[in-house]
Amino acid sequence: MDTTLFKQTDITGGFWKERQKLAVENIIPYQEKAIKDEIPGIAPSHAVANFEMAARKLSGEKLSENEGFYGMVFQDSDVAKWLEAASFSLAKFPDPELEKRIDSLIETIGKAQESDGYLDTYFTLKRPADKFKNLHDAHELYCAGHMIEAGVAHYSATGKTSLLKIVCRLADCIYKYFITDKNPGFSGHPEIELALMKLYRTTENKKYLELAEHFINVRGVDEDFFKKEMESRDWNVWGSESVDPAYHQAHKPVREQTEAVGHAVRAGYLYTGMADLACETGDKSLFEACKVLWKNITQKRMYVTGGIGSTFHGEAFTSDYDLPNDTAYSETCAAISLMMFAKQMLRNEKLGEYGDVMECSLYNTVLAGMQLDGKRFFYVNPLEAITGISGISPTHKHALPERPGWYGCACCPPNVARTITDIADYAWLKQNDTLYSVLFMENKITLNGLQISEKTEYPYDGKITYTVTSASTSVAEPAAGETAESTDVAENACGEPVGFIKRLAIRIPSWAHNAELSGSPKIENGFAYYDIPAGCTDFEITMDLKLSPRKIYCNSAVSSNTGKTAFAYGPLIYCAEEVDNGKVLNLFVKRNAAPELMEVTKELSGIRRLKVAGLKILNTTDDNLYTESPAETEDCVISLIPYYTWANRGLNQMRVWLPEITQ
């Protein structure tokens, strides 16, 4: 049984309604054109064309010499993520024409699937004899995972089984190879694990749970597996190949890993699958490993914006407290993987900090990964941009100061799209008889006769009102003759899914030190628990987070942030841009100055600025690189905007962490 709350939730207004409207009107149509190569002047995708050619080849048609696979080895995954986003959109915003195009694309994908269920256009078109022989680098299981997620999403959102049947055949093919036929191996890029967990909950086929558990349990048992695999073949994907088991989180069995290492997205997807499996099976040792890894990430290897991955060398984690700002990698996909990890950790353990990190990643790095018009995207999300250096210097080539329209490696844009369209599934969590409000947004959720309407102008206003209404039978015990299916009786180690809600738990962010809540709720581990009266009508709960500008300081072990401060308002991290302040590298914040909150404006799709008193170093007029004369300064007011809105007004400097001066 699928535990998603997506179908039961309607976003009714406010910040997230605007972004879902943007997704429907701009993001999804733009990305559909991108993967179909219909946008002149951007990096070609050829992702849909790969499926069309694979379908033609499998039908017996001979392709010309100029036809063949094009793009990254994982190009199929872009189509899968777009399908996922489009399916979620279709469920809430019916569009017959979009539905026809989705159905047509799924039909093409079905024709590109081989008779045994195998589905990967790179191998079908380019290396049909080499399937599953390069698990290290060729991303077969990664692509399969994203297609499985798309199949689950399409079925969940539309009720249609066309794509679900395709991905079940694909999963059965993988099961046969690794379980029935006992071939060794696991994915070089984790993703299949979390996808199989979703497929298991949707179909209740225990083969998929078994396969997910197998991939997680065998990982790292033989740390030389990829090395041996590489030595057994005479080809590779990238022209060269270097095997570091830590890069793939395969240096130790997963229960023995204590530090987040290697490629940040791979790590986040793996940890998500681990936490999901731990919840589903009650595996305490696996969950304890997840807690250790979570602590290492969030206390020593995460940016203040909720981004992860410090270096462009391998898009990876480095070491504790190594968090450079101007060369940060902080990939958009990595922030999404951290959100996913947080969601699964919260299913295991009701701690508000998981929701805090999820929210931080979402409102800062994930949203920064997309331009406000939904048509340009960041892969990398630096915390400092220096014109003339960022995107130009070899050390900063990756840290672009402006968003491109697309990428040859376009994993991030459709990942943002599917996250925005499925955001309601992150907002709520249900367990046993309790419904948890994790992310705050204006919405309405209906569960078994219980309806909760949430009103708020968050994140720019901290007042949130919940109105709870239920019929007298909604909290009653199951009536005689009702089945477990009809009452949603708990089925797994985490006590999910459930139907009859008797308590509402509301997350209190750790930064909301002065939050005011109505009534007398029980406060525990970052949540306020309210009992819902039986047969209630318009039972109202209010929470005021008392939002105010905050200064944030960093652990002194992070050399990049020594003597600096960052600013926040609610979940939003702020930054200074050159377009508002002149050169931002010249700015110092006065330590005793309190930041001032400005009124909401329509600029940058609606924001509230912060302003704070500072000093500006005046530029020297000569050409000397060094001087023995101190620079002159003048008082100034520093204007700050939410980080997610930066780089929407042309090329300019940007800084999150500003040096502080005592004066």
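Numbers for residues simply follow the sequence, beginning at 1.
Nearest heavy-atom pair, A80 versus A150, reported as atom, atom and distance to 0.1 Å: O-CB, 3.3 Å. Scanning all heavy atoms of the two residues, the minimum distance from P394 to F312 falls at O-CZ, 4.3 Å. What you find for C290 and M345 is that their closest heavy atoms are CB-SD, 3.7 Å. In terms of heavy atoms, D425 sits closest to L5 at OD1-N, 3.0 Å. Closest approach of A368 to F378, counting heavy atoms only: O-CD1, 3.4 Å. Considering all non-hydrogen atoms of both residues, A289 and M274 come closest at CB-CE, 4.4 Å.
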| side-chain contact (heavy atoms from CB on, under 4.5 Å) assessment of T202 paired with S156 | CA-CA 8 Å; T202 300; S156 177; over 6 Å; no

| request: I would like to know whether K81 and E149 meet salt bridge (charged side-chain N to carboxylate O under 4.0 Å, His left out); could you show each step before the answer? | output: CA-CA 8 Å; K81 281 181 280 188; E149 284 197 272; over 6 Å; no

| task | For the pair K36 and E32, evaluate salt bridge (charged side-chain N to carboxylate O under 4.0 Å, His left out) and give the outcome as yes or no after the intermediate values. | result | CA-CA 6 Å; K36 292 181 176 179; E32 181 181 10; 2.9 Å; yes

| field | Candidate pair L164 and L199, rule side-chain contact (heavy atoms from CB on, under 4.5 Å), full reasoning | value | CA-CA 9 Å; L164 184 66; L199 188 61; 3.8 Å; yes

| said: For a side-chain contact (heavy atoms from CB on, under 4.5 Å) check, start with the C-alpha distance between Y269 and H189, then their side-chain angles and the critical distance, and finish with the verdict. | reply: CA-CA 9 Å; Y269 285 168; H189 193 314; 3.8 Å; yes

| Under the salt bridge (charged side-chain N to carboxylate O under 4.0 Å, His left out) criterion, do R233 and D130 qualify, and how do the steps go? | CA-CA 9 Å; R233 52 182 157 75; D130 293 322; over 6 Å; no

| message | Apply side-chain contact (heavy atoms from CB on, under 4.5 Å) to residues R301 and D320 and explain how you reach the verdict. | response | CA-CA 6 Å; R301 302 189 176 194; D320 292 348; 2.7 Å; yes

Side-chain donor-acceptor distances from residues 216-223 under 3.5 Å, at least two apart:
from: N217; atom 1: OD1; to: R255; atom 2: NH1; distance (Å): 2.9
from: N217; atom 1: OD1; to: R255; atom 2: NH2; distance (Å): 3.1
from: N217; atom 1: ND2; to: E213; atom 2: O; distance (Å): 3.3
from: R219; atom 1: NE; to: H248; atom 2: O; distance (Å): 3.2
from: R219; atom 1: NE; to: Q249; atom 2: O; distance (Å): 3.3
from: R219; atom 1: NH1; to: S187; atom 2: O; distance (Å): 3.0
from: R219; atom 1: NH2; to: S187; atom 2: O; distance (Å): 2.8
from: R219; atom 1: NH2; to: H248; atom 2: O; distance (Å): 2.8
from: D222; atom 1: OD1; to: D224; atom 2: N; distance (Å): 3.0
from: D222; atom 1: OD2; to: K228; atom 2: NZ; distance (Å): 3.0

Pairs of donor and acceptor atoms involving the side chains of residues 117-124, under 3.5 Å and at least two apart or interchain, shall be tabulated with distances.
from: Y118; atom 1: OH; to: E140; atom 2: OE2; distance (Å): 2.6
from: D120; atom 1: OD1; to: Y122; atom 2: N; distance (Å): 3.1
from: D120; atom 1: OD1; to: F123; atom 2: N; distance (Å): 3.4
from: T121; atom 1: OG1; to: D76; atom 2: OD1; distance (Å): 2.5
from: T121; atom 1: OG1; to: D76; atom 2: OD2; distance (Å): 3.4
from: T124; atom 1: OG1; to: E114; atom 2: OE2; distance (Å): 2.7
from: T124; atom 1: OG1; to: D120; atom 2: O; distance (Å): 3.2

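Heavy atoms from other residues, nucleotides or ligands lying under 6.0 Å from NZ of K227 number 12 at most. Around NZ of K343, the count of heavy atoms belonging to other residues, nucleotides or ligands within 6.0 Å exceeds 12.
Remark: the backbone N or O of L293 is not paired with any side-chain donor or acceptor of E259 at under 3.5 angstrom. Judged purely by atom type and a 3.5 angstrom limit, E67 uses its side chain to pair as donor or acceptor with the backbone of S64. N296 places no side-chain N or O within 3.5 Å of a backbone atom of T258 that could act as its donor or acceptor partner. Checking side-chain atoms of E315 against main-chain N and O of V265 turns up no donor-acceptor pair under 3.5 Å. At least one donor-acceptor pair under 3.5 Å links the side chain of S337 to the backbone N or O of A334. Between the side chain of Q20 and the backbone N or O of I420, at least one donor-acceptor pair lies under 3.5 Å. In this structure a side-chain-to-backbone donor-acceptor pair under 3.5 Å is missing from R347 to A275. Using a distance-only test at 3.5 Å, with no hydrogens or angles considered, a donor-acceptor pair links the side chain of Q113 to the main chain of I166. N364 contributes no side-chain N or O that, together with a main-chain N or O of G306, makes up a donor-acceptor pair within less than 3.5 Å. The main-chain N or O of F74 is found under 3.5 Å from a side-chain atom of S77 such that the two form a donor-acceptor pair.
Ring-plane geometry between F178 and F132 is classed as perpendicular, the angle between the planes exceeding 60 degrees on a 0 to 90 degree scale with a lower cut at 30. The aromatic rings of H139 and W238 lie perpendicular to each other, with more than 60° between the two planes, well past the 30° mark. Under the 30°/60° scheme for interplanar angles, the aromatic rings of Y354 and W294 are found to stand perpendicular. The aromatic rings of Y247 and H263 lie perpendicular to each other, with more than 60° between the two planes, well past the 30° mark.
A 4.5 Å side-chain heavy-atom check between I392 and K397 finds every atom pair outside the cut-off. In this structure the side chain of K300 never reaches within 4.5 angstrom of the side chain of I297, judged on heavy atoms. Between M340 and I336, some side-chain heavy-atom pair lies under the 4.5 Å cut-off. Residues N415 and C411 are not in side-chain contact: their nearest non-hydrogen atoms beyond the backbone lie 4.5 Å or more apart. Contact annotation: the side chain of L277 approaches that of L209 to within less than 4.5 Å [non-hydrogen atoms, C-beta and beyond]. For the pair F287 and C279, the minimum side-chain heavy-atom distance is 4.5 Å or more. Residues P382 and V380 meet the side-chain proximity criterion, which asks for heavy atoms closer than 4.5 Å. The side-chain heavy atoms of Y208 and Y175, taken from C-beta on, include no pair separated by under 4.5 Å.
With respect to the salt-bridge test (charged N to carboxylate O, under 4.0 angstrom), the residues K57 and E61 do not qualify. Between K160 and D103 there is a salt bridge, with a side-chain nitrogen of the basic residue lying less than 4.0 Å from a carboxylate oxygen of the acidic one. With salt bridges taken as basic N to acidic carboxylate O contacts below 4.0 Å, one links K111 and E107. Salt bridge absent: E52 and R56 never bring a charged side-chain N and a carboxylate O closer than 4.0 Å. Classification of R201 and D276 as a salt-bridged pair holds, one side-chain N sitting under 4.0 Å from a carboxylate O. Taking the charged nitrogens against the carboxylate oxygens, D181 and K176 do have a contact shorter than 4.0 Å, which makes a salt bridge.
A cation-pi geometry, defined here as NZ or CZ lying under 6.0 Å from the six-membered ring centre and within 45° of its normal, does not hold between R418 and W82. For K126 and F69, the positive end is not near the middle of the six-membered ring at less than 6.0 Å and at most 45° from its axis.
Between Y407 and Y379, a ring centre-to-centre spacing shorter than 6.0 Å is recorded. In this structure, F186 has its ring center closer than 6.0 angstrom to the ring center of F226. Close placement of the F6 and F88 rings is indicated, their centers lying within 6.0 Å of each other.
In summary, the side chains of T332 and N381 do present a donor paired with an acceptor at a separation below 3.5 Å, with no hydrogens or angles considered.
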